[in-house]
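Everything on this sheet refers to the single structure shown next.
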2 protein chains.
Amino acid sequence: MRDVILAEATDLFAEHGYDGTSLNDIAAGVGIKRPSLLHHFPSKDDLYGEVFEQMLSHWLERVEAAMALPGSGWDRFSDVLSAGFELFAEHPSYVRLMRREALDGGSRLGIDLVGVVSPLFNTAVEWIDAEIAAGRFREVDARQVLITAYAALLGYVSDAPFINGLLGHDALSERPMHERCEHLLDLFRRLLLPATDVIL
Amino acid sequence: MRDVILAEATDLFAEHGYDGTSLNDIAAGVGIKRPSLLHHFPSKDDLYGEVFEQMLSHWLERVEAAMALPGSGWDRFSDVLSAGFELFAEHPSYVRLMRREALDGGSRLGIDLVGVVSPLFNTAVEWIDAEIAAGRFREVDARQVLITAYAALLGYVSDAPFINGLLGHDALSERPMHERCEHLLDLFRRLLLPATDVIL
DNA sequence: AGCGACCTACCAACCAGTAGGTAGGACTTT
DNA sequence: AAAGTCCTACCTACTGGTTGGTAGGTCGCT
């Protein structure tokens, strides 16, 4: 039951935000009443906290697995980007949740979003700088590249309802997602690789 | 007084969202009581509607002005991008408001966000395609490029509280904003221009 | 008997919105 | 000039409804 509640809460918090989701909504979604829900989770804050922690741990798990893969240079960058994209395609709710938290400054709870992501961010910055030093990447501002990657990946998925309207079809279905991924890979290849290596 | 309320409401809706902002908060922010606020605006929905319409009209005004500028090819793209960036730098609240609305599907009110933005989007797609046909741009998927521009521009500003934490300094102050703009210009130059024109 | 899962019934706090009244400035009428 | 009439901007006090959370009881299973 806990897991069912957690899943329903993840969807609703992602869809309508913390303030836009009532415990009644979540309880009704799993077919019980609010007090029964509060039997499993002590408070709304705690429930949200668990939702967010679960999301973060799934996310970290994937990213760390992708970063642990062997390889260097463009292949490695491409692997990590694809892994992130794949996770987001599987769990759009995670993206929307993350975006909402980032909008609110990532400090709704005791959870320190920045504290969790910062080490990963810095590791990635150092890796890119090392690749530049090794001559495998162009001289770019690693931080800017990573922020662009973050924004371009998240934006497409988090704003899917809006982008659906612009494109006239479901942005999250398989083919559009694949095209989006190809576009991003092409984009970062052009951004990162020396001009001589870009031409395919 | 109406304008003061509108400005305060814009900030609070942008910062905490529709559900996270009470009429009491807004009224207190301008130093009056809720009923006095409702003397100027008939309801919370109406107030939000005016806030959003004002934001949209400011935004459209700027973009249309930038699109009306002469020039073609990269110079024109660069002008429009810079104009957008400048507006966002001046009014970060607009970006956060827009992002929240995009997250919610852009249909909180009668305002049809997609309906307003779609014509602009399609005009831009056609323009890029024409530039490609004229040989001034590479063969790219215009829609993907525009969505990336949208995401990369908005993401940096809307998630500023989070990005502040990653970078360790104020992402919205003048120098970082300038660096961000330069990075984006470089990015899209590499993405859009034929390989032979990219090298500076 | 004990325990986990669920319930109804309640609470205080807050929400958007309404009713009705007051102070003061402006504009007309005498 | 004085008096009466409006109007705008604000107020206090209230309504009905929803919120998160609690108290206490019931059911079925081990």
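In what follows, every heavy atom counts, from backbone to side chain, and hydrogens, waters and symmetry copies are set aside. Proteins get letters first, then strands, A, B, ... in listed order; numbering begins at 1 in each.
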Rounded to whole Å, how long is the line connecting atom [atom1] of [X] with atom [atom2] of [N]?
X	N	atom1	atom2	result
A:I26	D:dG20	CD1	C1'	11 Å
A:M1	C:dC3	CE	P	23 Å
B:K33	D:dT12	NZ	P	5 Å
B:L37	D:dT12	CG	C1'	16 Å
A:R2	C:dG4	CZ	C1'	14 Å
B:I32	D:dT12	CD1	P	12 Å
B:D19	C:dC14	CG	C1'	14 Å

Report, one pair per line, the protein and nucleotides 27-30 of chain D atoms (nitrogen or oxygen only) whose separation is under 3.5 Å.
none

TODO: Would you please indicate yes or no on a ring centroid separation below 6.0 angstrom for A:F13 and A:Y18?
DONE: yes

Please enumerate all protein N or O atoms sitting under 3.5 Å from an N or O of nucleotides 16-18 of chain C, with distances to 0.1 Å.
residue: C:dA16; atom: OP1; partner: B:L23; partner atom: N; Å: 3.3
residue: C:dA16; atom: OP1; partner: B:K44; partner atom: NZ; Å: 3.0
residue: C:dA16; atom: OP2; partner: B:L23; partner atom: N; Å: 3.1
residue: C:dG17; atom: OP2; partner: B:K44; partner atom: N; Å: 2.7
residue: C:dG17; atom: N7; partner: B:R34; partner atom: NE; Å: 3.1
residue: C:dG17; atom: O6; partner: B:R34; partner atom: NH2; Å: 2.4

Open item on the list: Between A:D104 and B:R100, does any side-chain N to carboxylate O distance fall below 4.0 Å?
Closed with: yes

Considering non-hydrogen atoms only, spot the tightest contact between [X] and [Y] and give its length.
X	Y	result
A:F137	A:W74	CE2-N, 3.7 Å
B:G20	B:D25	O-OD2, 4.2 Å
B:M67	B:V80	CG-CG2, 4.1 Å

Task: ILVMFWY cluster, A:F52 and A:L60 together (side-chain gap under 4.5 Å) - done: yes

Give a yes/no answer on whether the side chain of [X] brings an N or O atom under 4.0 Å of OP1 or OP2 in [N].
X	N	result
A:H40	C:dC6	yes
B:S36	D:dA9	no
B:H39	D:dA9	yes

Could you list the donor-acceptor pairs under 3.5 angstrom formed by side chains in residues 146-157 of chain B, with sequence neighbours left out?
residue: B:T148; atom: OG1; partner: A:R180; partner atom: NH1; Å: 3.0
residue: B:T148; atom: OG1; partner: A:R180; partner atom: NH2; Å: 3.2
residue: B:T148; atom: OG1; partner: A:H183; partner atom: NE2; Å: 2.7
residue: B:T148; atom: OG1; partner: B:Q144; partner atom: O; Å: 2.9
residue: B:Y150; atom: OH; partner: A:D159; partner atom: OD2; Å: 2.5
residue: B:Y156; atom: OH; partner: B:A171; partner atom: O; Å: 2.9

Task: Straight-line distance of A:R99 CZ to A:L97 CG, nearest 0.5 Å - done: 12.5 Å

Task: B:D79 side chain to B:S82 side chain, donor-acceptor N/O pair below 3.5 angstrom - done: no

